[in-house]
Number of protein chains: 2
Amino acid sequence: MATIFDVAKIAHVSKSTVSRVINGDPRVKPETKRAVEDAIAQLQYSPSYFAKGIRTGQTKTIAFLVPEYTNMFYGEMFNGVEDTAVREGYMVMVCNTGNAISEKEYINELLKRNIDGIIYNTYGVKPAMMRYLKQISEEIPIIFMDEVIGKKENVSCVYTDGYLSTMQGVHFLKKTGCKKIGYIRNMDSIQATESRFEGFKDGLKECGLPYLPQFVYQCPAEQNTDYMKAGIQAGTYFASLKGERPDALMTAIDLLAIGCVTALCNTGIHVPEDISVIGYDNISLGELTCPALTTIAQPTREMGKIAAEMLIDQIRKGAKEKTKKIFEGEIIVRQTTRQIGRRGRM
Amino acid sequence: MATIFDVAKIAHVSKSTVSRVINGDPRVKPETKRAVEDAIAQLQYSPSYFAKGIRTGQTKTIAFLVPEYTNMFYGEMFNGVEDTAVREGYMVMVCNTGNAISEKEYINELLKRNIDGIIYNTYGVKPAMMRYLKQISEEIPIIFMDEVIGKKENVSCVYTDGYLSTMQGVHFLKKTGCKKIGYIRNMDSIQATESRFEGFKDGLKECGLPYLPQFVYQCPAEQNTDYMKAGIQAGTYFASLKGERPDALMTAIDLLAIGCVTALCNTGIHVPEDISVIGYDNISLGELTCPALTTIAQPTREMGKIAAEMLIDQIRKGAKEKTKKIFEGEIIVRQTTRQIGRRGRM
DNA sequence: CTGTTAGCGCATTCAC
DNA sequence: GTGAATGCGCTAACAG
């Protein structure tokens, strides 16, 4: 590996001058600049990130933290993050905080490697963790991809308004003629989706529809978060209901909805004729199931893109101001809901 | 940030001694070691990876290269990689080579950051790229997750034997009574799955079954690799066949199979009664489709785990020996194939 | 067993 | 405009 010194030697200048042309210092005579550039090209020289980092404190590397990577949702988001990061000369470390080591240990490892910033996805943070994160965010910028945190705290964040979207979902169901709408809540270990449930309740109010506690199912916490299975359990619960059943169900996330639809169909309940179901997130699986899932979409990739842009901007400016970007969800109508104006089967 | 010097001062020793206890040098008196450790704890000191790296050349960081990240297959593999990497004190950069910059540029960026090793997934490499990769592998270890490369070149690799597995798939189909087996080949831009097709042809020979070229469909290359769509096109092709049709189809990957089944069903052809279909990869979607897909599974997560272990081992030993680990595929029998011993519909 | 010394490759003063 | 000198935080000889 060639060093700055080798370049200097070949170009017949000093190390300082080489350093200057690398860093775009304007006060270098064009011809010496050319000479240096030739030497760099000739040696295929590229500065060591270590030596550079030791002086500047920057690594041109950011971290993308997710609670669970098998969830395709984060895969999509990552694409947005990575695409713009790479374009800006940043590499991204992906950190699955649900794996071998704890979130805090993970962040410490990251800090040791002097990453320049963090894009933080979570299912929920404890107060102690939140304090820790805010402390870190004094050192390096953090973008929170979380509605609950984003609303409550003075932090930079980007998220989709689950409260509003779910509320709109209720309105939509009402238009298709549903009157007894139930909800499948996420496991209570996962706070990030709770504002959706809030939106559900307030949507009911807005529509003048009753809130029926027996039609709200909360998934039990499990060691391995298998949402499909949880959804199936939820569907089994609703199928087992004696007497009245809901005529529609909203869910915290798509997999819950898909699992639920599966269970419902297996017990002879027709979707959407007997019960409409709406998911949340618009994972690609939803368009392949049968019937295809009506859902609320987040602009996942775009969110990743914006988050990366915000982060890199803050890194460059060294700015301490917090910025927020809130997206709106979009209802994707497919086959698990009835069409507006039509009646279900009698 | 505290430095090694601060620790030395507090512990009343020299920097070297601090360095020694950090790096586990055995020849340090237990009590001085304790003193140093106390000082480290007190200052919450942790060594700078820059300064360390500039001397050792190591970053405790590896790269995980994938051609396309939305493919869940890599998500699963990543979990295996990351889990063991983190356990061993390594962080992993995820690089989607299908995105903003070219594979070669990407690798150069990685090299600049002095990563310690690479786990390399590809859809296919050109000879020039291969030369480049082999050159790099003189510097840092690379694990190739690719059967075609692995078989041909003297490199470290881990993969599932697609040749053998597909061959076994043919035997399986024969046992269920299939006699005219066709195949859906991947786009020709994707070389990585080609050995599966070879296994298909040789499996036919072993079974004494005819190779019927008109029953082999090759997906056309597309700009955006949408396998579902390609599968649907394939299915449409087979449905359109006048006269004789295959009584079974094997496919290069699951999504092709799923798309094909969809198209077949839509044209009134029954799966598996009229045509059996077998996928490859066992993506989670396969168990949710209707009928659920019979497929050949790779131990994806385990492969990631082994790859990371091999890589880290090579990094530590600085060994130049290449190691290979080949897994066997496993046929997951679901609903798109007929049961052994039963006849299809008459 | 431990301290001293000398760089690693670079950015950044400070002189000229 | 440019070069020389200094130090970032650490490891690795080399002495004791």
Side-chain angles (χ1 to χ4, degrees), chain A residues 1-40 43-61 89 108 111-116 139 316 318, chain B residues 1-40 43-61 89 111-116 139 315-316 318:
Chain A
M1 269 294 172
T3 82
I4 197 171
F5 187 73
D6 301 322
V7 178
K9 209 160 49 181
I10 292 198
H12 301 294
V13 294
S14 74
K15 292 189 301 176
S16 327
T17 306
V18 178
S19 177
R20 283 191 189 101
V21 338
I22 290 170
N23 296 297
D25 192 316
R27 48 182 189 182
V28 206
K29 214 195 303 180
E31 45 188 284
T32 58
K33 186 179 170 194
R34 276 272 299 285
V36 171
E37 279 166 348
D38 286 351
I40 288 176
L43 266 55
Q44 298 204 55
Y45 162 79
S46 92
S48 150
Y49 271 66
F50 287 134
K52 196 169 190 150
I54 212 175
R55 302 282 312 169
T56 63
Q58 302 229 330
T59 42
K60 297 281 184 189
T61 303
N108 283 335
L111 257 26
K112 275 197 234 171
R113 283 171 179 74
N114 294 75
I115 52 154
D116 297 342
E139 309 276 333
R316 293 217 171 112
Chain B
M1 269 292 170
T3 81
I4 197 171
F5 187 73
D6 301 323
V7 178
K9 208 161 49 182
I10 292 198
H12 301 293
V13 293
S14 74
K15 293 190 301 176
S16 326
T17 306
V18 177
S19 177
R20 282 188 190 105
V21 338
I22 290 169
N23 297 297
D25 192 317
R27 46 182 192 182
V28 197
K29 213 199 301 178
E31 45 188 286
T32 58
K33 186 178 169 193
R34 277 271 300 284
V36 171
E37 279 166 348
D38 286 350
I40 288 176
L43 267 56
Q44 298 205 56
Y45 162 79
S46 92
S48 151
Y49 271 66
F50 287 135
K52 195 170 190 149
I54 212 176
R55 300 285 313 170
T56 63
Q58 302 230 330
T59 42
K60 296 281 183 188
T61 303
L111 258 25
K112 275 197 234 170
R113 284 170 178 75
N114 295 74
I115 52 152
D116 297 342
E139 309 276 333
I315 291 170
R316 294 217 171 113

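All values reported here derive from a predicted model rather than from experimental measurement.
One interatomic measurement links the two molecules: CZ of A/Phe50 to P of C/dC10, which rounds to 12 Å at whole-angstrom precision. Atom NZ of B/Lys52 is separated from atom P of D/dC10 by 9 Å (rounded to the nearest Å). Distance, B/Tyr49 OH to D/dG9 C1': 14 Å, rounded to whole Å.
A donor-acceptor contact under 3.5 angstrom links the side-chain atoms of A/Arg20 to the base of D/dG3.
Residue contacts for A/Val18: at a heavy-atom cut-off of 4.0 Å it reaches no nucleic acid atom on any strand shown. B/Ser16 comes within 4.0 angstrom of a nucleotide base, judged by non-hydrogen atoms across all strands.
Of the candidate nucleotides C/dG9, C/dA11, C/dC10, C/dA11 has the atom lying nearest to any side-chain atom of A/Ser19. Taking every side-chain heavy atom of B/Thr17 into account, C/dT2 is the closest of D/dG9, C/dT2, C/dC10. Comparing atom distances between the A/Thr32 side chain and each of D/dT2, C/dT2, D/dC10 picks out D/dT2 as nearest. Listed nucleotides C/dG9, C/dA11, C/dC1 differ in distance to B/Lys29; the shortest reach to its side chain belongs to C/dC1. Comparing C/dT2, D/dA4, C/dG9 by their closest approach to the side chain of A/Ser14 singles out D/dA4.
Side-chain N/O atoms of B/Tyr45 include one lying less than 4.0 angstrom from OP1 or OP2 on D/dC10.
The nearest heavy atom of DNA chain C to B/Pro26 and to B/Arg55 marks one nucleotide each, and the one closer to the 5' end goes with B/Pro26. Checking B/Arg27 against B/Thr56, the closest nucleotide of DNA chain D that is more toward the 5' end is the one next to B/Thr56.
Contact check for A/Arg20 versus A/Thr17: side-chain heavy atoms found under the 4.5 Å cut-off.
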Quiz item: Is there a side-chain contact (heavy atoms from CB on, under 4.5 Å) between A/Ile10 and A/Asp6 once you walk through the steps?
Solution: CA-CA 6 Å; A/Ile10 292 198; A/Asp6 301 322; 5.7 Å; no
